[in-house]
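Below, all heavy atoms of this structure are taken into account, side chains as well, without hydrogens, waters or symmetry copies.
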Amino acid sequence: MKFLGKLIIAILVIVLVLLLAAYLLLQTRWGAAQVSSWVNEKSDYNFSFEEMDHRWASPTHVTLTNVTFGRKGQPATLVAKNIDIGLSSRQFSEPMHVDNILLQNGTLNISPDAAPLPFQADMLQLSDMALNSPNTEWDLHAQRVNGGVKPWQPTKGKVLGSTADIQFSAGSMTLNGVPATNVLLQGAINNEQVTLSTIGADMARGSLTGNANRLADGSWQISSLRLNDIRLQTEKSITDFLAPLTTVPSLKIDNLEVTDARLEGKDWAVTDLDLSLRNLTLANGGWQSDDGRLSMNASDFIIGALHLNDPIVNVDFNQQTASLRQFTSRWERGMVRASGEWQRNEKKLALDELVFAGLEYTLPADWKALWMEPLPEWLNSVSIKKLTANRNLVIDIDPAFPFQLTALDGTANNIELVRNHQWGVWSGNLTLNAAAATFNRVDVRRPSISLNATDSQITITELSAFAGEGMLEATGAISQAPQRNAAMNLRGRAVPVNVLQQWGWPAVPLEGNGNLQLSVTGNLAAQTPLKPTVNGTLQATSADGKQVQQTMQNGEVPGA
């Protein structure tokens, strides 16, 4: 028995010596290198540390220096100058679950390909770390990160774990290409659901505060979000800039406030933007709302060639309509005002009122082609209950047939301008008149037109203008059928006998003023040249009684 006792004591002494030797060796570079080499050979991971430090003044803490950990063939999941591991009695039952882990001065990569860290902890703390999440829906790069995760139970593809409370601050961060500084995040992770109870950051020379939830299906609920004094520049078009709003399954906004923002991108900009949006959900390319409201104003709004000054917009949303309570803006040195509603099921914009006043507007060079092109699928119809125009200047610089209308006034009632995605005058009545006009270099005074449109045709009840010392008057009709058959009767009294020459009719062998009688038909069908379809007769009588009669066939007058 004495021998057995001495043997046990000797074994214990040897074990203690070996443990002491291992303890001392692990605190040397050689020992650290041996442990790192053994882990690398026996596993699919790359692991290395420079040395281990343990102080009896803090017996439950072990510190590793210059640590690297990751999956072989992949970028390192963790690089840290120091890792402080807090141990407890729990290590006897769960050796890989520690009390606390502190990562200092390094980088932590959060991505689906990142190697799962072998430890768990009641708390993970970060001190002056960098966080990256490449190849995820959140392209995140953050520096000078401090904070913690409690508890920390990492799994494959989820470095922060499935269930935890989180709190982080970052000196700087870039999320999906948008930079921010002084970032604060507080919240919780519950499997695929993320709750951000506090969001704060300085970004684009302004500030962001709010709170939000991300649901398991990827949808977002923004309870409150406020952006102040944002100054953001991007190379993206407005479509690309707003694309993230359409890529999530749904985005529910309870309260969004934007104050004094300036945004600029490719072919668009908005300055001094104030915006308030409440109770609106964006989903499936549309909206859902029971009592939503949008209020917006800005100093300037530019998109492509459209430039609005001091626009004001107020919209109320419900399940089927978006009611435009107010839209006013200065535009092209004048003013535009509108009210009405967007009817979602019918894809129809129904305006109660549209007013243009004091515009100085030059038509786009391709306006005729745009008029013929079908409109997008989402816009099926546009109707205006009351249209008013006051003192506008409209110019077309097309060299083939330029024109200008000065001091243009007009009224229209119950006019339908878009039907089945196509521009036109499909119903209603319209009256336009101007103080003066020039049509292909021919000056006229007081031009005026009145028309009525039905499903079958557009009837021109009055078309008149003063030319020279006399007056031109006409009536006509245009079919609403695709072939667009048109007919016009024109009478001129004491007008220049060749006033029609610049408008397409050959010159007549007369001079001075006289009387004209013109009757023509033609075809205004899309993508069809007009001239070969025109047939008609012209009778001209000069002031001295001479008469000429000409007949046009297929756009040509024989002998003219």
Side-chain angles (χ1 to χ4, degrees), residues 303-308 331-332 334 336 338 340 342 347-351 354-356 359-384 387-389 392-405 408-434 437-440 447 449-460 463 474 476-488 503-504 520-534:
I303 179 168
L306 177 65
H307 185 177
L308 300 177
W331 177 51
E332 299 293 341
V336 59
W342 169 256
K347 301 178 183 179
K348 178 180 180 179
L349 178 61
L351 296 179
L354 179 61
V355 177
F356 296 104
L359 303 187
E360 298 180 12
Y361 183 58
T362 299
L363 293 167
D366 60 345
W367 73 270
K368 299 183 188 71
L370 295 175
W371 178 267
M372 301 306 300
E373 288 183 359
L375 291 169
E377 178 62 29
W378 57 266
L379 182 57
N380 181 62
S381 175
V382 175
S383 65
I384 305 170
L387 170 67
T388 305
N392 300 290
L393 172 64
V394 179
I395 302 171
D396 183 5
I397 58 175
D398 181 3
F401 197 97
F403 67 81
Q404 176 176 311
L405 297 166
L408 176 65
D409 296 334
T411 60
N413 295 292
N414 301 314
I415 189 168
E416 186 178 7
L417 295 180
V418 174
R419 178 182 291 182
N420 296 328
H421 314 287
Q422 189 64 60
W423 288 105
V425 182
W426 301 104
S427 65
N429 58 79
L430 170 69
T431 298
L432 298 173
N433 58 79
T438 300
F439 295 101
N440 200 21
I449 184 173
S450 295
L451 58 84
N452 295 313
T454 65
D455 291 343
S456 59
Q457 73 174 19
I458 300 172
T459 303
I460 301 173
L463 176 61
I478 303 171
S479 169
Q480 297 279 32
Q483 61 270 25
R484 296 288 181 178
N485 294 328
M488 184 178 70
W503 300 345
V520 294
T521 61
N523 189 323
L524 299 176
Q527 313 303 325
T528 301
L530 171 63
K531 184 176 179 180
T533 70
V534 176

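Atom CG of N440 sits about 9.5 Å away from atom CH2 of W503, to the nearest 0.5 Å. Going from atom CG of L432 over to atom CG of N392 covers 10.0 Å, rounded to the nearest 0.5 Å. Atoms OG1 and CG, on T388 and L354 in that order, are 8.5 Å from each other to the nearest 0.5 Å. Once rounded to the nearest 0.5 Å, the distance linking OG of S427 with CG of N413 reads 11.5 Å. Distance CD1/I415 to CH2/W426: 12.5 Å, rounded to 0.5 Å. Taking OG1 of T362 as the reference point, atom CD of E332 lies at 7.0 Å (rounded to 0.5 Å).
Nearest heavy atom pair, residue L530 against residue V534, reads O-CG2, 3.4 Å. The shortest heavy-atom contact between I458 and A453 is CG1-CB, 4.1 Å. E373 and Q422 get closest at one heavy-atom pair: O-NE2, 3.8 Å.
Paired with T431 under the rule side chain to side chain contact (heavy atoms under 4.5 Å, CB included), one option of L451, T411, D409 passes, and it is T411.
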Determine all donor-acceptor pairs shorter than 3.5 Å in which one atom belongs to a side chain in residues 363-370; sequence neighbours excluded.
from, atom 1, to, atom 2, distance (Å)
W367, NE1, D396, OD2, 3.1
K368, NZ, D396, OD2, 3.4
K368, NZ, D398, OD2, 3.0

What side-chain donor-acceptor pairs closer than 3.5 Å can you find for residues 477-485, not counting sequence neighbours?
from, atom 1, to, atom 2, distance (Å)
S479, OG, A481, N, 3.0
Q480, OE1, R484, NH1, 2.9
Q480, NE2, V425, O, 2.8
Q480, NE2, T454, O, 3.1
R484, NH1, S479, O, 3.4

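Side-chain atoms of H421 come within 3.5 Å of backbone N or O of L379 as a donor-acceptor pair. Checking side-chain atoms of W331 against main-chain N and O of Y361 turns up no donor-acceptor pair under 3.5 Å.
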Is there a side chain to side chain contact (heavy atoms under 4.5 Å, CB included) between I449 and I460? Walk through the geometry before answering. CA-CA 7 Å; I449 184 173; I460 301 173; 4.1 Å; yes
Could you go through N420 and N380, starting from their C-alpha distance and side-chain angles, then the distance that decides it, and tell me whether this counts as side chain to side chain contact (heavy atoms under 4.5 Å, CB included)? CA-CA 5 Å; N420 296 328; N380 181 62; 3.8 Å; yes
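In this structure E377 satisfies the side-chain hydrogen bond (donor to acceptor under 3.5 Å, both in side chains) test together with K347, sequence neighbours excluded.
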